[in-house]
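See below for the structure under consideration.
Reminder, nothing fancy here: chain letters follow the sequence lines and each chain counts from 1. Note that the structure is predicted; figures quoted are calculated from it, not measured.
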Protein chains: 2
Amino acid sequence: MAQRVVVPEPERRRRRPTKQGVVLSEQLIVETAIRLVGQQGAAALSVRRLGLALGADPSAVYRYFRGTDDLLLALADEMVRRALDGWASSGQWRTDLRDLGMRMHAAYLSHPQVALLAAHRTTGRVHETRAVEAIIGVLRAAGFPDTDLARIHGSFADLGLAFAALDAAALALPPAAAEADRTAWRDTYPRLDAQTHPNIAATAHLLTRETSRSAFPFALDLFLDALVARLSLQQGPPTTSVPTG
Amino acid sequence: MAQRVVVPEPERRRRRPTKQGVVLSEQLIVETAIRLVGQQGAAALSVRRLGLALGADPSAVYRYFRGTDDLLLALADEMVRRALDGWASSGQWRTDLRDLGMRMHAAYLSHPQVALLAAHRTTGRVHETRAVEAIIGVLRAAGFPDTDLARIHGSFADLGLAFAALDAAALALPPAAAEADRTAWRDTYPRLDAQTHPNIAATAHLLTRETSRSAFPFALDLFLDALVARLSLQQGPPTTSVPTG
DNA sequence: CGAATATGTCAACACCATTGACACGAGAAG
DNA sequence: CTTCTCGTGTCAATGGTGTTGACATATTCG
């Protein structure tokens with residue numbers, strides 16, 4: 001690190017403007033980084049370009065984040081913040097969980113390049129903690145036993161993040177790669193030898209890459225069905241195997 | 001590119017040994033890259049280090065791959081090759097699909113760093129095509145209508161790759177990050193204010209990050225259940241909504 | 001007002017991917 | 001066997017990257 005200490009945002013007192021007159025903040029840096037990645041692709045996220053976009057010396061970023069990885073986690077946490085923004089419990093646990101899942105998915109998909117970079121990371125930051133609190137709260141109110149909370153929460157979060165990353169990957173492809181992807185299905189598959197690839201050859205005219213619809217809502221409902229079934233067993237026998245997907 | 005033309009592997013005639021006496025090949029480069037990533041982490045995969053590990057000048061890699069992205073796709077395709085290695089249809093479509101899914105998942109998880117880098121990419125290479133052929137073949141033999149093949153195949157592949165990437169992410173974390181992850185659940189959650197995070201505070205002693213078991217087998221079975229249900233509807237009414245997750 | 005120091009800046013380091021020019025030797029042609 | 005071709009490995013150079021230590025200065029506190 002250029003400097004060992006990164007002052008946490010709430011304790012910052014002195015705000016000294018940049019040579020170009022910009023007053024930096026964690027929030028401003030995060031927002032600028034998200035904009036940068038959205039406009040120019042994930043490859044454009046470098047400390048130097050970020051400095052340029054901010055109107056500050058690149059190394060100033062290190063006064064706010066310990067390194068690029070720290071910044072990345074902050075971007076992920078901002079996605080979570082936006083997902084939770086305005087959410088409130090409806091009182092129906094299944095509705096709540098579905099809503100939380102869809103919000104998380106949507107927040108990441110609105111910035112696919114960020115999702116691709118950060119969706120698989122545990123941020124350990126405030127908004128992630130808020131999300132955990134919300135999910136645990138819904139599960140407890142629904143009547144799930146405390147001993148199952150960690151596992152159910154883990155499965156739920158995994159499902160959402162896995163699909164967020166997956167669907168983001170399709171959206172975030174640079175135009176050239178997306179074109180190459182489509183070309184593979186449209187051009188090369190129909191030309192494959194019927195000897196070596198009989199099934200593709202026989203149905204090539206019907207095979208087009210299906211990218212329009214996300215499988216997430218369907219998968220989420222399957223998961224929630226499993227939770228409902230588990231909860232209704234709750235009163236009867238003690239603990240059987242826990243649904244984890 | 002250093003040189004516009006990359007000669008495809010099967011057409012290579014001249015194999016000229018390196019100064020250090022190594023005879024290069026696409027396969028050798030891919031295997032060395034996988035080993036490098038497995039031993040030193042994803043960050044160690046640079047053309048320079050790869051050259052060093054190979055015993056060749058770094059720029060020699062560009063005689064075999066157009067760039068780092070091309071190499072990455074080759075790594076992904078190698079994972080698919082290993083997954084398919086030795087697979088044969090059992091004649092039972094559900095068994096076949098489950099087996100293919102589990103193999104793909106296992107192949108990626110055996111090299112989590114590679115999975116993290118490449119699982120979300122469409123490679124367009126030979127082994128991926130073989131996998132598509134196998135899956136389409138199983139679905140056709142099962143009796144799914146040709147018009148549904150693209151969508152069902154897409155959902156199946158998505159599910160497997162999404163969980164491969166997710167589970168790989170947990171395995172691929174550098175030890176420091178993994179420790180930080182565990183610390184968050186063990187140390188900071190129990191200290192949260194009961195006012196702001198009542199649900200976490202009340203159950204903190206039971207909350208530990210659940211990383212031991214993958215949710216994939218469960219999710220895969222849910223998906224296959226949905227396919228079974230869809231197939232049994234096949235004979236009756238025409239087409240309803242298609243399960244996509 | 002004066003001092004302390006947080007924060008922005010600068011220059012430097014080691015690394016990275018990629019490229020064009022070049023040399024050499026393997027394989028084809030005779 | 002000899003000769004020629006050109007595929008392939010090497011070298012040097014370019015412009016990028018994250019990160020750091022030293023430094024300057026203006027903001028806040030006493």
Side-chain angles (χ1 to χ4, degrees), chain A residues 1-29 32-33 36-37 40-74 117 174, chain B residues 1-29 32-33 36-37 40-74 117 174:
Chain A
M1 299 301 113
Q3 39 277 326
R4 356 234 125 188
V5 190
V6 171
V7 177
E9 185 73 7
E11 297 168 23
R12 283 189 183 266
R13 296 273 121 99
R14 304 191 188 175
R15 314 222 79 126
R16 176 181 181 172
T18 285
K19 253 191 176 175
Q20 300 180 40
V22 184
V23 175
L24 298 179
S25 70
E26 206 176 289
Q27 188 66 21
L28 178 65
I29 296 175
T32 305
L36 198 61
V37 169
Q40 319 209 30
L45 184 57
S46 77
V47 179
R48 290 172 137 84
R49 287 197 223 227
L50 184 52
L52 201 69
L54 280 166
D57 187 273
S59 64
V61 171
Y62 290 87
R63 298 279 179 208
Y64 293 82
F65 300 96
R66 289 211 288 262
T68 45
D69 197 66
D70 198 23
L71 173 60
L72 203 60
L73 295 183
L117 290 172
Chain B
M1 298 302 112
Q3 38 276 326
R4 353 238 125 183
V5 191
V6 171
V7 178
E9 185 73 8
E11 297 168 23
R12 283 190 183 267
R13 294 273 119 97
R14 306 191 185 175
R15 315 221 79 127
R16 177 181 180 173
T18 283
K19 253 191 175 175
Q20 300 180 38
V22 184
V23 176
L24 298 179
S25 69
E26 205 176 290
Q27 187 67 20
L28 177 65
I29 296 175
T32 305
L36 197 60
V37 169
Q40 318 207 32
L45 185 57
S46 76
V47 179
R48 288 170 135 83
R49 287 196 224 227
L50 184 52
L52 201 68
L54 280 166
D57 187 273
S59 63
V61 172
Y62 291 88
R63 298 280 179 207
Y64 294 83
F65 300 97
R66 289 210 288 261
T68 44
D69 197 67
D70 197 23
L71 173 60
L72 203 60
L73 296 182
L117 291 171

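If you check distances only, the side chain of B:Ser59 does reach the base of D:dC11 with a donor-acceptor pair under 3.5 Å. If you check distances only, the side chain of A:Arg48 never reaches the base of D:dG16 with a donor-acceptor pair under 3.5 Å. You'll find a donor-acceptor pair under 3.5 Å spanning the side chain of A:Arg63 and the base of C:dG8, going by distance alone.
Here the closest non-hydrogen pair linking A:Tyr64 and A:Glu26 is CD2-N, 3.8 Å. Of all heavy-atom pairs between B:Pro17 and B:Val23, the closest is CB-CG2, 4.2 Å.
Atom pair A:Leu52:CG and D:dG16:P shows a separation of 12 Å (rounding to whole Å applied). At whole-Å resolution of the value, CZ in A:Arg15 and C1' in D:dC29 are 17 Å apart. Taking atom CG of residue A:Leu28 and atom C1' of nucleotide C:dT7, one finds them 15 Å apart after rounding to whole Å. For B:Arg16 and D:dG9, the CZ to P distance is 8 Å, given to the nearest whole Å. A:Leu45 has its CG atom 15 Å from the C1' atom of D:dT19, to the nearest Å. Per the geometry, CG belonging to A:Leu71 stands 10 Å off P belonging to D:dT19, to the nearest Å. The CD1 atom of B:Ile29 sits 11 Å away from the P atom of D:dT8 (whole-angstrom rounding). Straight-line distance from the CZ atom of A:Arg49 to the C1' atom of D:dG16: 9 Å, rounded to whole Å.
To the nearest 0.5 Å, the span separating CG on B:Leu73 from CG on B:Leu117 amounts to 11.0 Å. Separation of atoms CD1 (B:Ile29) and CZ (B:Phe65) is listed at 5.5 Å; rounding is to 0.5 Å.
For B:Tyr62, taking side-chain heavy atoms from C-beta onward, the closest of the listed nucleotides C:dG8, D:dG9, C:dA17 is C:dA17. When the nucleotides C:dT5, C:dA17, D:dT10 are ranked by their closest atom to the side chain of B:Thr68, C:dA17 comes out on top.
Residue A:Lys19 has a polar side-chain atom (N or O) positioned under 4.0 Å from OP1 or OP2 of C:dC10. For C:dT7, one of the phosphate oxygens OP1 or OP2 lies less than 4.0 angstrom from a side-chain nitrogen or oxygen of A:Arg12. Proximity of A:Thr18 to the phosphate of C:dG8: no side-chain N or O atom is located under 4.0 Å from OP1 or OP2.
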Kindly list each side-chain donor-acceptor pair under 3.5 angstrom involving residues 44-55 of chain B, sequence neighbours excluded, with atom names and distances?
from: B:Ser46; atom 1: OG; to: B:Arg49; atom 2: N; distance (Å): 3.2

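Each of B:Tyr64 and A:Asp57 was assigned the nucleotide of DNA chain D with the nearest heavy atom; the assignment lying further toward the 5' end belongs to B:Tyr64. Between A:Gly55 and B:Pro17, the one whose closest nucleotide on DNA chain C sits nearer the 5' end is A:Gly55. Position along DNA chain C of the nearest nucleotide to B:Ala44 versus A:Val23 favours A:Val23 as the more 5'-ward residue.
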